Amino acid sequence: MEEALWAELQKAAGKENASRQLIDLVFYSYDASDHFGRPQAAAWATDTEQVSRILKWAHKHGVPVIPRGAGTSLSGMTVPARGGVVLDMSRMNRILALRVPDRLVILEPGVVYTDLQRVLAPKGFFFPPDPASGSVCTIGGNVATNAGGIRGAKYGVTQDYVLGLEVVLADGSIMHTGSKCMKSVSGYELTKLFVGSEGTLGVVTGITLKIAPLPRHTVTASMAFEHLADAGRAVSRIVQAGIVPCVMEILDSICVKILRRQSDLDVPDAEALLLLETDGRTLEEATKEMDRALVLTNECGGGGHLRKARSLEEAASLWQARRALGGIITRLRPSFAVEDVTVPISRVPELESVR
Ligand SMILES: Cc1cc2nc3c(=O)[nH]c(=O)nc-3n(C[C@H](O)[C@H](O)[C@H](O)COP(=O)(O)OP(=O)(O)OC[C@H]3O[C@@H](n4cnc5c(N)ncnc54)[C@H](O)[C@@H]3O)c2cc1C
């Protein structure tokens, strides 16, 4: 980057918030994917006005800007393909207001997912999307990728919880979308346009999220199947019966083998494992839903090794192991590729044939 350009960037970002040092450029050349591309500079966002100045500078000089949260998404979206500036949003990490009576929280994009949950839980609320990278990823990254996670079938994805955004557009202008009300339907739905736009339409600097009451009770179970398609049929039957588990995940034989070898869990040697969790305001409600689901999974050949979590800790360790699968597989086979497919629930059993 030319000296004059660099001097202007430092002025826009603040000297302490911009770097051309090799160590920073190398750091921002990677994310959790196997892509690589070196930026010309890195900058750390501190507030909306500063982000606006940086984007005005970039717009004037035609420099690409790549916003970055924690760099956990797996498709190289924070890796610069054509140089430019990586704009790290992680220092904008304040929760600005938690308004429980309004069922919302207003925060900066760099707040780490689990930090938000830690603040919400004592008030009896949570932000339901549940990305596997939750311990490090940022809410800004969740918004920009419209992240979902294992509770998606019951609780939806990030866009279902974003009420409004503050966004700095490519020319540096600042825009506000949505509102702070549960119902707000007039005008164009610009919030949804930005959610999932992966940093291509602007830099998100403020987020208003709807929060949901934390279910008081959960019941967790896992059951083994001799055939993967039977596990798929069980999922389909459960949904048809009107049961809505908060988590329903099939692990195929490869994942089962990995968990058996790499975790302390007592995982049976099965062709498929179905993990189920139901939740409710009362234990009876959650248990009743689980019992109904178990009848159906039995009819589909499941339950040879039925296991109900005996404690919250046991259930948590099951999900922890499930979330760790990606990391374990990466260590075993660094070149593995993830296929994220989506099908109508009734066609889940057919997925076996595309393995
Ligand atoms: C399409 C898609 C769907 C996904 N769905 C799931 C899922 O269902 N479950 C799951 O476990 N994981 C999912 N992931 C991965 C998960 O979304 C990421 O691990 C996590 O949400 C990213 O957070 P991060 O802070 O690491 O963001 P990063 O990886 O740093 O950035 C991710 C994207 O968001 C942009 N971005 C980050 N911050 C901002 C900001 N403030 N303003 C504008 N753009 C920004 C980046 O430019 C980049 O394009 C998904 C990823 C993608 C690409």
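In listed order, ligands and their atoms are each counted from 1. Note that the structure is a prediction, hence the values are computed from the model and not measured.
For the atom pair OG1 (Thr177) and CZ (Phe194), the distance works out to 7.0 Å, reported to the nearest 0.5 Å. In this structure, Leu163 CG and Met182 CE are separated by 5.0 Å, a value rounded to the nearest 0.5 Å.
In terms of heavy atoms, Glu289 sits closest to Thr278 at CB-CG2, 3.8 Å.
Each of the following atoms of ligand 1 lies closer than 4.0 Å to a heavy atom of Ala147: 5 (N), 17 (O), 21 (O). For ligand 1, the atoms lying closer than 4.0 Å to a non-hydrogen atom of Pro131 are 10 (C), 11 (O). Residue Ala144 has at least one heavy-atom neighbour below 4.0 Å for each of these atoms of ligand 1: 34 (O), 35 (C), 36 (N), 44 (N), 45 (C). Numbered from 1 in the order shown, with element, the atoms of ligand 1 that lie under 4.0 Å from a heavy atom of Met89 read 41 (N). Each of the following atoms of ligand 1 lies closer than 4.0 Å to a heavy atom of Gly202: 43 (C). Taking every non-hydrogen atom of Ala70 and a distance limit under 4.0 Å, the qualifying atoms of ligand 1 come out as 24 (P), 25 (O), 26 (O), 27 (O), 30 (O). Close approach to Gly199 involves these atoms of ligand 1, each under 4.0 Å from a residue heavy atom: 43 (C), 44 (N). When each atom of ligand 1 is checked for a heavy atom of Arg68 under 4.0 Å away, the hits are 30 (O).
With distances taken over non-hydrogen atoms, the option nearest atom 11 (O) of ligand 1 out of Ala132, Gly152, Ala45 is Ala132. Considering Val65, Thr158, Thr145 only, the shortest heavy-atom separation from atom 2 (C) of ligand 1 involves Thr145. Nearest-residue assignment for atom 7 (C) of ligand 1 (options Pro67, Gly148, Gly196; heavy-atom criterion): Gly148.
Thr72 OG1, 3.5 Å is the protein heavy atom nearest to atom 20 (C) of ligand 1.
Judged by distance alone, the side chain of Arg94 and the main-chain N or O of Glu108 form no donor-acceptor pair under 3.5 Å. No donor-acceptor distance shorter than 3.5 angstrom exists from the side chain of Asp230 to the backbone of Glu226, with no hydrogens or angles considered. Remark: the backbone N or O of Asp130 is not paired with any side-chain donor or acceptor of Arg151 at under 3.5 angstrom. In this structure, the side chain of Ser184 does not engage the main chain of Cys181 through any donor-acceptor pair within 3.5 Å. Of the possible polar contacts, none joining the Ser73 side chain to the Ser75 backbone as a donor-acceptor pair under 3.5 Å is found. For Gln50 (side chain) and Ala13 (main-chain N/O), a donor-acceptor pair under 3.5 Å exists by modelled atom type.
Within the 4.0 Å heavy-atom criterion, the part of Pro109 lying near ligand 1 is the side chain and not the backbone. When heavy-atom distances to ligand 1 are checked against a 4.0 Å cut-off, Thr78 comes that close only through its side chain, counted from C-beta outward. Under 4.0 angstrom from ligand 1, the non-hydrogen atoms of Ser75 all belong to its side chain. Heavy atoms of Glu198 found under 4.0 angstrom from ligand 1 belong to the backbone as well as the side chain.
Under the 4.0 Å distance rule, the nearest protein heavy atom to atom 14 (N) of ligand 1 falls outside the cut-off.
The shortest side-chain heavy-atom distance between Asp24 and Trp44 falls under the 4.5 Å cut-off.
Between Tyr155 and Phe127, the gap from one ring centroid to the other reaches at least 6.0 Å.
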